[in-house]
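Note that the coordinates shown come from a computational prediction; the quantities given were computed from them, not determined experimentally.
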Amino acid sequence: MNFELEQPHAPPDFPPIDFAAQLNAEQYKAVTSPPGPMLVLAGAGSGKTRTLTYRVAWLLSQGVRPGEILLLTFTNKAAKEMLHRVQDLTGVEPRRFWGGTFHSIGHRALRLHGESVGLSRSFTILDADESESLLRDAVEESEKGFFKDKTHPRPGPLHEMISLARNTRTSIADTISRQFPQHQEITDRVVHFAAKYAEKKLKSSVVDYDDLLEFWLDLLRKSPEAAAYFQQRFRHVLVDEYQDTNRLQADIVDLIGNHHRVMAVGDDAQCIYSWRGADFENILTFPERHPGTEIHRIETNYRSTPEILALANGVLLAQPKGRHFDKDLKAWRGAGEKPYLVQTMDTREQAQFVVQRLRGLVDEGVRLSDVAVLYRAHYQSLDMQLELSRLQIPYQITSGVRFFEQAHVRDLVALLRFAYNPGDGMAWQRFAALLPKVGDKSAQKIHAAARARAQLEQKDFLEILGSDDIRTTVPKDAREEWPKFIASVQEVGEAMGTRKPSETIDLAIEGWYGDYLKGAYANYTSRLDDLKSLVGFASRFDDMQDMLAQIMLLNSETGDRSADPNADAIRLTTVHQAKGLEYAAVFIIGLGEGLFPLRRAIESGTVEEERRLFYVAVTRARDQLYLCFPKVNSKGGPTMLLEPSRFLQELSDDLYQELRLKRSYGW
């Protein structure tokens, strides 16, 4: 197959660019490679965006027209940034390119040719809330009482299940079995609901975000004219973050780029989003689908010290043979400190160490905002948040909200508060509002009626709530659920005086709210982990009153709730949310087996993605890296001894230095 450039157009009217002077040797070779299939493996901190930008500029310098280049990214911000850099280099305006997210380009394609796959030219796009609302209508038309069962997925989680199946090109049955096993018994009904939902969209000439990709792929497969139009128009296809593509996106790229002038830029070692549809096989099998692929490795890292990169390379060495592309990150910077391995007794001592070392870093001139604490799951940051709040050290959580501000945690705390003190009307309103058609006013009405009845009959408030008289004040849609709901509240209330706080919380999780959680959230298992971590937190208290007071005091502390990205506050984040970012100093906490990698990843056989996640965490650090391992885990019950993470055990001990703590807490 001949991959020579077509007859060039008129020479560009911008000044010549000295590509060799402005790029390193690895980047230059990739940027100036002849047209053809290219897989550019850009390691962490190696200048991936620069390589893509200069590739566009080089194509322009060879006489390729802007309109013949298709740039596909995962955010519009990334596309705009690259094309504006191209403009700075060449003067060519961004509007002359087709550049943007897969969804935005799919939308443009369907506006031109959508009628070929049954879409009217006037179709409109549903936002996320509208998509869920239409799905709710489709379900209720098919099975009116479906959502009355609290264990069934609500419209949001149901939409996520269907969406994941569509993006991964797998059956709904396989998707539910693999990712949502708590809903396996309703698989056939979900298949039916998905079909009804698709039918309603088509009748209304509306599409959701997934349709923009599915219809685009259908267009390329079913309309030879449309396929030829895109294949001939886009003579060069460039894809950013290729390791994050799902099956739909990879199939689209393969069809548009059937001429094989595709430049896929990514890093197989940073493929960490399978839970939202990314397919590791896409990057692994790219050379097979595009014969003659040139593989370019960009391995010079401009971010981290040689010592940190040596450890990162050590992480990659443990990958299974034949299931990855070999790479060896090389440091541009001079020597620094070896990463530190820090063993602590438990997660509280781990948090105390981080804070003490943080003070040392600040004394050395490091800004708080240039320090990050990374963890595998959000609940693992609980002790870190408690310690920072206690010492009034400002922090920002970039992986979500503060632990006790999460909706599901607040729900459970509201149940505990109300069961402890039935006069707490605000706690009652929050928890009661989880029932169908119960809002603030109806919750207040029920509470007032129960209070009056309890005073009149001189009976226990919780006992009165279960009476038939009170049930008549409950909205009709919630009455069927009411007996189970109240029985669970009463059970928790009775436990308050007879059981430890940790046992009471366990009881609350196993009761009505645990069933509600299954249907309310698609990420049920991770939210359940959060709640179970409360059991470990509660084990520190002998009295429920003390525990609830501590939680409410923590919530009242301001910390740093600002969303200002420039605020001088230490960053707390999951590794997933930290991808693409960098910090002077990084603490990776919770490096115990079952915590990182997570126990459920070990059980489901997805440890390799966890290893890639650890690699991403390590490569966020520029100057200093601390690997923290707590010997004891108290999450969800009795304390258990932990083994160090397999990712630590696999490393050669010459890649790090052990930092031993003084138990006198003098550090």
When you measure from the side chain of E503 to the backbone of K500, do you find a donor-acceptor pair of N or O atoms at a distance under 3.5 Å? yes
Looking at L386, is its backbone amide N or carbonyl O close enough to the side chain of S389 to form a donor-acceptor pair, meaning the two atoms are under 3.5 Å apart? no
I need the minimum non-hydrogen distance between E494 and T498, along with the two atoms involved. O-OG1, 3.4 Å
Check this for me: does any side-chain nitrogen of one of E603 and R600 sit under 4.0 Å from a carboxylate oxygen of the other? no
Which pair of non-hydrogen atoms, one from Y209 and one from A128, has the smallest distance, and what is that distance? CE1-N, 4.3 Å
State whether a side-chain donor-acceptor pair under 3.5 Å links E481 with W512. yes
pair S526-Y521: side-chain heavy atoms closer than 4.5 Å: no
In this structure, CG of D149 is separated from NZ of K518 (nearest 0.5 Å) by 10.0 Å
Calculate, to the nearest 0.5 Å, the distance between atoms CG and CD belonging to N167 and E214 respectively. 7.5 Å
Under 3.5 Å, is there a donor-acceptor pair between the side chain of S442 and the main chain of G439? yes
Spacing of SG belonging to C628 relative to CD1 belonging to I588, to within rounding of 0.5 Å: 8.5 Å
Mind checking whether H576 and Y273 have parallel, tilted or perpendicular rings, split at 30° and 60°? tilted
I186 vs E143, side-chain contact (heavy atoms from CB on, under 4.5 Å): CA-CA, chis, key distance, verdict: CA-CA 12 Å; I186 61 166; E143 187 178 335; over 6 Å; no
More than 12 heavy atoms of other residues, nucleotides or ligands under 6.0 Å from CG of D127: is that the case? yes
Would you tell me whether E387 and Q352 have side-chain atoms, one donor and one acceptor, within less than 3.5 Å of each other? no
Pair F537 and F404, ring centroids less than 6.0 Å apart: yes
Under-4.0 Å salt bridge between D244 and R276: no
Would F193 and H159 count as a ring-ring contact (aromatic ring centres under 6.0 Å, His included) here? Give the steps. CA-CA 10 Å; F193 297 152; H159 193 277; over 10 Å; no
What do the steps show when you test Y375 against L595 for side-chain contact (heavy atoms from CB on, under 4.5 Å), and what is the final call? CA-CA 9 Å; Y375 35 85; L595 297 178; over 6 Å; no
From Y513, W428, F431, residue fulfilling ring pair (Phe, Tyr, Trp, His ring centres under 6.0 Å) relative to F418: W428
Criterion salt bridge (charged side-chain N to carboxylate O under 4.0 Å, His left out) on R136 and E132, from CA distance to verdict: CA-CA 6 Å; R136 180 191 293 110; E132 290 175 18; 5.8 Å; no
Qualifying residues under side chain to side chain donor-acceptor pair (under 3.5 Å), relative to R471, sequence neighbours excluded: none
Would you mind reporting whether V206 and E130 have side-chain heavy atoms less than 4.5 Å apart? no
Considering residues, nucleotides and ligands other than Q406, do more than 12 of their heavy atoms fall under 6.0 Å from its CD? yes
Can you find a heavy atom in the side chain of L613 that is under 4.5 Å from one in the side chain of E609? no
For the residue pair Y395 and I570, establish whether any side-chain heavy-atom pair is separated by less than 4.5 Å. yes
Are the side chain of R402 and the backbone of I397 linked by a donor-acceptor contact shorter than 3.5 Å? no
Heavy atoms only: give me the nearest V342-Y626 pair and the separation to one decimal. CG2-CD2, 4.4 Å
Got a donor-acceptor contact below 3.5 angstrom from the D460 side chain to the E463 backbone? yes
Determine, for R540 against D383, whether the closest basic-nitrogen to carboxylate-oxygen distance falls under 4.0 angstrom. yes
For the residue pair H408 and Y516, is the inter-centroid distance of their aromatic rings smaller than 6.0 Å? no
Just how far is it from atom CZ of R390 to atom CD of Q550, taken to the nearest 0.5 Å? 10.0 Å
Is it true that a side-chain atom of E241 and a backbone atom of F74 form a donor plus acceptor pair closer than 3.5 Å? no
Any side-chain heavy atom of Y379 sitting closer than 4.5 Å to one from L534? no
For S381 and Q385, which I'm curious about, is there any donor-acceptor pair between the side chains at under 3.5 Å? yes
K200 versus E141: any side-chain heavy-atom pair under 4.5 Å? yes
Which heavy atom in S369 sits nearest to a heavy atom in R571, and how many Å separate them? CB-NH1, 3.4 Å
Do T398 and T573 have side-chain N/O donor and acceptor atoms under 3.5 Å apart? yes
Taking the side chain as every heavy atom from C-beta outward, state whether I446 and L465 have any pair of such atoms under 4.5 Å apart. yes
Are V575 and F614 packed together at the side-chain level, in the sense that at least one heavy-atom pair is separated by less than 4.5 angstrom? no
Backbone N or O of T504 within a donor-acceptor pair of the R499 side chain at under 3.5 Å? no
Taking 4.0 angstrom as the limit, do R376 and E610 come out as a salt bridge? yes
What's the separation between atom NE2 in H183 and atom OH in Y524, rounded to the nearest 0.5 Å? 9.0 Å
How about S131 and D208: does a side-chain donor come under 3.5 Å of a side-chain acceptor? no
